[in-house]
Number of protein chains: 2
Amino acid sequence: MSNKGDILNKLTQQGYRITPQRIMILEAVEDAENHISAEEIYIFVCARYPNVNISTVYRTLELLKELELVTETDFGDGRVRYHSIKKGHHHHLVCQKCGGIIDVDESVFAPLRESLSGKYGFEADIHHLAIFGTCKKCK
Amino acid sequence: MSNKGDILNKLTQQGYRITPQRIMILEAVEDAENHISAEEIYIFVCARYPNVNISTVYRTLELLKELELVTETDFGDGRVRYHSIKKGHHHHLVCQKCGGIIDVDESVFAPLRESLSGKYGFEADIHHLAIFGTCKKCK
DNA sequence: ATTGCAGCTGCGAATTGTTGCATCTACATA
DNA sequence: TATGTAGATGCAACAATTCGCAGCTGCAAT
Ligand SMILES: [Zn+2]
Ligand SMILES: [Zn+2]
Ligand SMILES: [Zn+2]
Ligand SMILES: [Zn+2]
């Protein structure tokens with residue numbers, strides 16, 4: 001479940017339609033080297049397929065998120081960013097002093113998830129968090 | 001550092017001014033039983049002191065947040081909410097199916113904080129999070 | 001009590017993201 | 001291939017928050 005064809009199949013199987021807009025938005029996220037914002041996706045798509053509406057970008061991202069094909073993260077700079085799930089689950093430690101970002105594996109959050117599950121029966125849906133704080137250098 | 005006078009002193013000490021707007025916005029947050037939104041604070045303040053501007057509410061909340069006198073949390077309903085720090089650090093588990101909210105003490109996050117500190121030397125600044133997922137009933 | 005001015009406020013406009021609705025279209029069915 | 005329709009799109013209105021700026025004011029120093 002990691003290439004474009006598989007993702008399009010998954011859409012079809014769930015009763016969603018394949019549209020040119022969706023294909024291009026998907027490509028934008030998949031091709032992005034890094035986390036990409038809705039606005040950046042919009043610019044990318046418009047370059048080849050003008051007249052796409054920004055609200056379609058937002059709605060498509062919402063859909064891809066529900067289907068767990070992309071993850072969304074708020075890095076605190078007033079703009080949410082997206083990642084293809086292909087790149088695996090992970091999290092980011094954002095230093096509020098130097099702006100540096102440390103990537104961490106999701107396994108670091110496993111004990112927290114287990115603790116919430118054990119104590120409260122709550123299944124936390126933590127896929128792609130940004131945690132703010134102070135890094136080693138800035139302490 | 002938990003009553004209004006102390007907070008006003010803290011403002012003065014840091015070179016900020018005491019204004020009627022700030023006093024009333026502070027009271028609104030302190031008196032609120034629960035998390036309160038900027039809009040609700042605005043309505044509360046306007047009732048006694050008309051002509052306060054909503055942007056002053058946002059700016060004051062920004063200031064109080066910087067001074068660590070209030071915490072901000074996004075419950076995912078399109079509107080950020082605030083809490084007086086007087087009520088202590090805690091977090092919320094938000095069920096995405098039934099909308100229910102479970103309050104949890106910040107101690108649940110202590111192992112995570114220690115783990116991030118130990119492995120990465122990163123001091124996480126986690127005061128008031130909303131964690132999304134599925135509650136026991138909705139599983 | 002008066003003065004000076006850095007900091008604060010109100011106002012209106014801009015920005016960012018969401019929503020309602022009329023129209024359009026992908027695609028299942030015949 | 002033609003048709004019906006649920007699902008998708010574009011557009012414009014809307015909602016939440018931020019910003020620029022001119023004028024106002026708390027308060028420290030006189
Ligand atoms: Zn990431
Ligand atoms: Zn740093
Ligand atoms: Zn809270
Ligand atoms: Zn639930």
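Everything numeric in this text was worked out from a predicted model, so none of it was measured.
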- Would E123(A) and K136(B) pass as an ion pair if we require N to O under 4.0 Å? no

- The residue, R17(A) or Y49(B), whose nearest nucleotide of DNA chain C is more 5′ is Y49(B)

- Message: Here's a test of your reading of the structure: between T12(B) and R79(B), which maps to the more 5' nucleotide of DNA chain D?
- Response: R79(B)

- Message: Between the side chains of E62(A) and R59(A), is the shortest nitrogen-to-carboxylate-oxygen separation below 4.0 Å, so that they form an ion pair?
- Response: no

- Task: Kindly say if T56(B) contacts the phosphate of dG10(C), meaning a side-chain N or O under 4.0 Å from OP1 or OP2.
- Result: yes

- Query: Rounded to the nearest Å, what distance is computed from the CG atom of residue L64(B) to the C1' atom of nucleotide dC8(C)?
  - Reply: 14 Å

- Side-chain donor/acceptor contact of R59(A) with base of dG7(D) under 3.5 Å: no

- Query: Does the distance from a Lys or Arg side-chain N to an Asp or Glu carboxylate O, for E30(A) and K86(A), drop under 4.0 Å?
  - Reply: yes

- Minimum-distance nucleotide (side-chain atoms of R22(B) versus dG26(D), dA26(C), dC8(C)): dC8(C)

- Message: Counting the atoms with a prime plus P, OP1 and OP2 as sugar-phosphate, which does Q21(A) contact under 4.0 Å by heavy atoms, base, sugar-phosphate, or nothing?
- Response: sugar-phosphate

- Using heavy atoms to find the nearest nucleotide of DNA chain D for I54(A) and Y16(B) separately, return the residue whose nucleotide is more 5′. I54(A)

- Message: Could you tell me how far apart D74(B) (CG) and dG17(C) (C1') are, to the nearest whole angstrom?
- Response: 13 Å

- Task: Name the closest nucleotide to the T19(A) side chain, picking from dA8(D), dT18(D), dC11(D).
- Result: dA8(D)

- Query: Could you state the CG-P distance from N53(A) to dT23(C), rounded to the nearest angstrom?
  - Reply: 17 Å

- Grab the OH-P distance between Y58(B) and dA16(D) for me, whole Å please. 7 Å

- Message: What is the separation between atom CD on E40(A) and atom C1' on dG17(C), rounded to the nearest whole Å?
- Response: 16 Å

- Does a salt bridge link E114(A) with K119(A), judged by any charged N lying under 4.0 Å from a carboxylate O? no

- Query: How close or far is atom P of dA28(D) from atom CD1 of I18(B), stated in whole angstroms?
  - Reply: 10 Å

- Task: Would you kindly give the CD1-to-P distance between I23(A) and dT9(D), to the nearest whole Å?
- Result: 11 Å

- Message: Between E33(B) and K87(B) (salt bridge meaning N to carboxylate O under 4.0 Å), is one present in this structure?
- Response: no

- Task: Round to the nearest Å and state the distance from E66(A) atom CD to dA8(D) atom P.
- Result: 11 Å

